[in-house]
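So the structure is just underneath, and the comments pick up after that.
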Amino acid sequence: MAELKNDRYLRALLKQPVDRTPVWMMRQAGRYLPEYKATRAEAGDFMSLCKNQDLACEVTLQPLRRYDLDAAILFSDILTVPDAMGLGLYFETGEGPRFQRPTDTIDAIKKLCVPDPEDELGYVMRAVSTIRRELKGEVPLIGFSGSPWTLATYMVEGGSSKTFEKIKKMAYEEPATLHMLLDKLADSVILYLNAQVANGAQSLMIFDSWGGALSHHAYREFSLRYMQKIVDGLTREAEGRTVPVTLFTKGGGLWLEAMAETGCDALGLDWTVDIGDARRRVGHKVALQGNMDPSVLYASPARIRQEVEQILASYGEGTGHVFNLGHGIHQHVNPEHAGAFINSVNELSVKYHK
Ligand code: CP3
């Protein structure tokens with residue numbers, strides 16, 4: 001078993017005692033860092049950065065050089081899977097991700113194949129093993145994917161959407177077609193995440209960024225059901241350690257009990273829920289990750305510190321909490337404010353772990 005110098009993040013996810021609350025930030029490698037922008041310019045564009053294992057490794061490590069973080073996250077994107085299914089991913093400046101060939105008809109969905117992670121997604125696997133080697137056991141490496149529902153929104157809409165017009169029409173009028181797509185995606189994600197573990201990922205996170213756009217019933221039918229299938233299909237042990245699984249549905253605060261029932265190890269929380277309340281609801285079953293509003297980082301270091309203390313106090317004493325933002329860090333955040341956030345968690349959390 002490879003030695004891990006700092007396993008606070010893995011321990012907290014499994015609710016084992018820790019000396020302080022571990023912390024990392026969603027999108028910690030990204031445009032708020034000048035060194036990220038420089039490496040991205042060197043790569044040419046975002047997808048070329050993802051496809052170059054040495055540069056992807058470099059940007060993964062950049063936030064760890066600046067800050068006292070307890071985990072690294074693979075530098076990649078959730079949309080690598082639909083791209084590998086043949087949709088032709090590209091990024092239009094200022095408009096976010098787009099697909100050349102959206103899958104909004106039954107014929108297009110029937111033709112989709114489950115990608116071989118070591119082939120079409122081999123560049124992600126090479127990034128995972130390169131990052132794992134270069135981390136030299138300092139902190140654990142998080143692998144990730146999108147949830148089937150969230151991936152399907154991009155695939156059916158052809159890119160980012162605010163209204164989810166096409167996919168919701170499909171959900172209500174042609175549910176069997178959408179289920180076929182979600183099922184293929186769940187199979188693809190299982191293979192993809194298990195391959196990440198085989199290549200060195202030590203923890204897994206599933207991003208369901210758009211689950212919160214669904215109704216109470218539709219969430220269970222179109223999002224949770226497929227995350228359940230994934231949880232059931234994942235490798236949960238590697239190198240003699242548990243590989244914890246975290247589910248994050250943005251806007252899913254009302255459904256935490258149902259999410260905890262899947263058998264995952266932890267739930268990611270956005271900033272709309274009180275973490276102490278979430279702990280009372282599901283804390284006997286799962287660990288919790290979150291949940292400071294990323295916009296707090298626009299405020300002063302003193303204000304950031306206050307907000308960190310409030311969240312720590314709300315969670316209360318003991319393990320089972322991984323500090324994070326409630327969503328990804330924004331690109332216009334001052335990197336020093338991100339540092340103030342991380343230092344505040346590291347300093348203020350000690351008293352909750354006696
Ligand atoms: O957390 C990390 O540091 C790891 C890397 C990571 C990225 N994307 C890098 C990225 C992760 C975990 C993601 C996940 C992701 N990608 C999600 C789920 C999480 C969430 O934010 O809800 C989603 C929905 C996507 C799809 C996607 N990719 C969007 C909407 C965008 C932004 C487009 C834009 O121009 O603003 C991307 C691109 C992307 N992925 C960037 C990064 C750092 C910015 C690309 C750039 O450098 O221009």
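One-based numbering, in listed order, for ligands and for the atoms of each. One is the number of the first residue; the rest follow in order along the sequence.
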Within 45° of the six-membered ring axis of Tyr315 and under 6.0 Å from that ring's centre, is NZ or CZ of Arg279 located there?
yes
List, ordered by chain and residue number, the protein residues whose closest non-hydrogen atom lies under 4.0 Å from any atom of ligand 1.
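Answer by chain and number: Met26, Arg27, Gln28, Ala29, Arg31, Tyr36, Arg40, Phe46, Ile73, Leu74, Phe75, Ser76, Asp77, Ile78, Leu79, Phe91, Gly96, Pro97, Phe144, Tyr154, Phe207, Ser209, His327.
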Candidates Val59, Asn199, Ile73, Thr60 - the one meeting side chain to side chain contact (heavy atoms under 4.5 Å, CB included) with Ile131
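Of Val59, Asn199, Ile73, Thr60, side chain to side chain contact (heavy atoms under 4.5 Å, CB included) with Ile131 is met by Thr60 alone.
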Please give the remaining members of the hydrophobic cluster of Val114, linking ILVMFWY side chains under 4.5 Å, ordered by chain and number.
Leu191
With distance as the sole test, does His321 use its side chain to make a donor-acceptor pair with the main-chain N or O of Leu288 at under 3.5 Å?
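No, His321 side chain to Leu288 backbone: no donor-acceptor pair under 3.5 Å.
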The single option from Tyr32, Tyr67, Tyr298, Phe323 passing ring pair (Phe, Tyr, Trp, His ring centres under 6.0 Å) against Phe341:
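Single pass found, and it is Phe323.
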Does atom CD (Gln16) have a neighbourhood of more than 12 heavy atoms from anything else shown, all under 6.0 Å?
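Yes, CD of Gln16 has more than 12 neighbouring heavy atoms, counting only those of other groups under 6.0 Å.
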